[in-house]
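Because the structure is predicted, anything quoted here is derived from the model rather than measured. Quick note: numbers below take in every heavy atom, side chains included, and nothing from hydrogens, waters or symmetry partners. So that the names make sense, note that chain A is the first sequence line, chain B the second, and so on, each numbered from 1.
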Number of protein chains: 2
Amino acid sequence: MAELTDKGRRTRQRIVEATALRILDAGIDGTSLDDVRAETLTSKSQLFHYFPGGKAELVRAVAVWEGEQLLAAQEPHLSDLSTWESWAAWRRGLEEYYFDRGRWACPIGSLTAQMAAADAETAAFLREAWTSWRTRLADGVRRMQAAGHIDPGADAERLATSVLAAIQGGLLLSQPERATWPLEAALDTAWTTLHALPPTTTPPAEP
Amino acid sequence: MAELTDKGRRTRQRIVEATALRILDAGIDGTSLDDVRAETLTSKSQLFHYFPGGKAELVRAVAVWEGEQLLAAQEPHLSDLSTWESWAAWRRGLEEYYFDRGRWACPIGSLTAQMAAADAETAAFLREAWTSWRTRLADGVRRMQAAGHIDPGADAERLATSVLAAIQGGLLLSQPERATWPLEAALDTAWTTLHALPPTTTPPAEP
DNA sequence: TCGCTGTTGGACTGCATGGTCCATTACTAG
DNA sequence: CTAGTAATGGACCATGCAGTCCAACAGCGA
């Protein structure tokens with residue numbers, strides 16, 4: 001597997017993308033190698049040629065690919081997030097990513113929920129993906145704090161985490177409804193909190 | 001299956017609970033009937049005796065059972081939620097339910113995420129479960145609005161949805177970390193929003 | 001005690017699936 | 001043109017799993 005020609009790289013990529021799609025709406029266990037084979041018009045030997053580790057390695061490749069796509073879909077705003085406009089643009093990009101083209105779940109979130117079906121390496125990668133995502137959001141929060149738009153006393157990491165939670169939870173609730181409003185409602189609430197945090201408000205101590 | 005003796009009911013319940021546990025940390029596909037058989041010291045014929053519909057029916061029974069348990073764990077507070085104290089007690093009960101006894105995920109949330117692996121009937125039941133849960137929370141919000149603790153102009157259903165999203169998203173993020181803080185951070189933020197919503201200038205008008 | 005019905009045991013079947021293997025074809029560098 | 005390597009095809013194997021079937025056992029009412 002050390003040497004790949006262009007053709008090989010393209011075939012490999014085709015396999016990864018088809019598998020990613022299938023996993024997104026059938027889950028890891030619901031995606032058989034034969035499904036992938038049929039969809040990509042490849043043969044069993046090709047799957048094992050490009051992914052000697054078998055299904056586990058293929059799933060890992062899918063996780064990496066999905067992680068890249070997810071982050072890319074949030075750029076360039078994710079790296080900015082220094083103004084409310086940037087946050088708004090970031091949010092629009094995310095909603096578009098999730099709902100356009102019929103993607104109704106977060107690839108990374110789904111995979112995390114299926115961690116039991118994934119191997120240890122994939123689980124480790126997912127942990128990194130979350131950390132990376134959270135950190136980028138937290139950096140944005142800190143930029144807002146530095147600019148005086150968000151209470152400097154707030155914990156940026158926790159705030160970022162709650163925004164991610166709103167996204168993931170909102171998506172989960174959107175699925176059975178087959179509607180976008182649950183995610184939007186969750187994001188609206190997170191939004192309100194972000195905006196409400198300037199120094200005038202004291203966070204409640206509970207429970 | 002029309003007639004069940006006490007003994008039969010107990011066996012059936014044993015099967016349901018063991019399956020529920022297994023599904024919670026291995027997923028539907030990661031739970032084989034042989035696993036269940038071994039864990040419950042039953043035989044194949046018993047599984048199909050009590051659940052003629054096979055695995056699908058068993059999963060359905062698990063969903064119903066988990067739904068009951070989840071709602072029960074939130075009582076009596078869930079039916080109250082008319083004061084901040086009641087909300088706090090409700091939250092404590094939930095966290096206890098999720099984190100004590102090593103349960104690190106929401107059974108209903110997990111099943112929803114695995115809908116692709118579930119049959120249509122189970123999916124329908126899950127939709128109902130979410131509606132029921134959301135409605136109870138929304139009722140609580142309305143009680144708080146009536147009591148003048150929350151802005152009467154807020155949409156109770158959407159607010160309830162965002163609280164549910166915080167729970168589910170927080171749980172998802174808690175899993176890879178194997179820590180409780182993500183859920184707590186998400187709930188804290190939802191909390192802040194609830195508290196921040198009262199009209200700051202207009203006093204509540206309520207008989 | 002008898003007989004009916006619910007309960008239990010476990011062998012067996014058919015099928016889907018991950019994975020192996022070997023042969024063949026297509027490229028590409030020299 | 002040729003040799004070597006990557007790419008591909010697809011038969012084949014072993015296993016695990018849902019589901020079937022029949023036989024045996026237990027409890028309870030008559």
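A close approach under 4.0 Å does not occur between any side-chain nitrogen or oxygen of B/Thr42 and OP1 or OP2 of C/dT8. In this model, the phosphate group of C/dT7 is not approached by any side-chain N or O of B/Gln46 to a distance below 4.0 Å at OP1 or OP2. The phosphate of D/dA6 has neither OP1 nor OP2 within less than 4.0 Å of any side-chain N or O from A/Tyr50.
The pair B/Arg142-B/Asp139 meets the salt-bridge criterion, with a side-chain N (NZ, NE, NH1 or NH2) lying under 4.0 Å from an Asp/Glu carboxylate O. By the 4.0 Å N-to-carboxylate-O rule, A/Arg136 lies close enough to A/Glu75 to be salt-bridged with it.
At whole-Å resolution of the value, CG in A/Leu41 and P in D/dG9 are 8 Å apart. One can place CZ of B/Phe48 at 14 Å from C1' of C/dG10, the figure rounded to the nearest angstrom. Between the CZ atom of B/Arg12 and the P atom of C/dT8 there is a distance of 13 Å, rounded to whole Å. Here the C1' atom of nucleotide D/dG27 and the CG atom of B/Leu4 are 15 Å apart, to the nearest Å. The separation between A/Gln13 atom CD and D/dA7 atom P is 15 Å, rounded to whole Å. Atoms CZ (B/Phe51) and C1' (D/dA18) sit 15 Å apart, rounded to a whole Å. Between the CZ atom of B/Arg9 and the P atom of C/dG6 there is a distance of 12 Å, given to the nearest Å. In this structure, A/Leu58 places its CG atom 14 Å from C1' of C/dT17, rounding to the nearest Å.
Closest to the B/His49 side chain, of the nucleotides D/dT8, D/dA11, C/dT8, is C/dT8. For A/Lys55, taking side-chain heavy atoms from C-beta onward, the closest of the listed nucleotides D/dG19, D/dT8, C/dG18 is C/dG18. Closest to the side chain of B/Ser43, from the set C/dG6, C/dG19, C/dG10, is C/dG10.
Residue A/Lys44 places a side-chain atom within donor-acceptor reach of the base of C/dG19, judged by atom type and a 3.5 Å distance cut-off alone.
A cation-pi geometry, defined here as NZ or CZ lying under 6.0 Å from the six-membered ring centre and within 45° of its normal, does not hold between A/Arg158 and B/Trp181.
Between B/Trp104 and B/Leu171 the shortest side-chain heavy-atom distance does not fall below 4.5 Å.
A donor-acceptor contact under 3.5 angstrom links the side chains of A/Gln74 and A/Trp133, judged on distance only. Of the N and O atoms on the side chains of B/Thr192 and A/Thr193, not one donor lies less than 3.5 Å from an acceptor on the other residue.
A/Glu177 contributes atom CD, which lies 10.5 Å from atom CH2 of B/Trp130 (distance to the nearest 0.5 angstrom). From A/Leu126, atom CG reaches atom OG1 of A/Thr112 across 4.5 Å, with rounding to the nearest 0.5 Å.
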Can B/His77 and B/Trp87 be said to form a ring pair (Phe, Tyr, Trp, His ring centres under 6.0 Å), step by step? CA-CA 7 Å; B/His77 316 296; B/Trp87 279 82; over 10 Å; no
Contact string for nucleotides 23-30 of chain C, one letter per nucleotide 5' to 3', B = base within protein heavy-atom range under 4.0 Å, S = sugar-phosphate only, - = neither, reads ---SS---
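Residues of residues 16-39 of chain A that place a heavy atom closer than 4.0 Å to DNA chain D do not occur.
Within the structure, side-chain hydrogen bond (donor to acceptor under 3.5 Å, both in side chains) contacts touching residues 27-36 of chain A (residues at least two apart or in different chains) are A/Arg22-A/Asp35, A/Ser32-A/Asp35, A/Asp34-A/Arg37.
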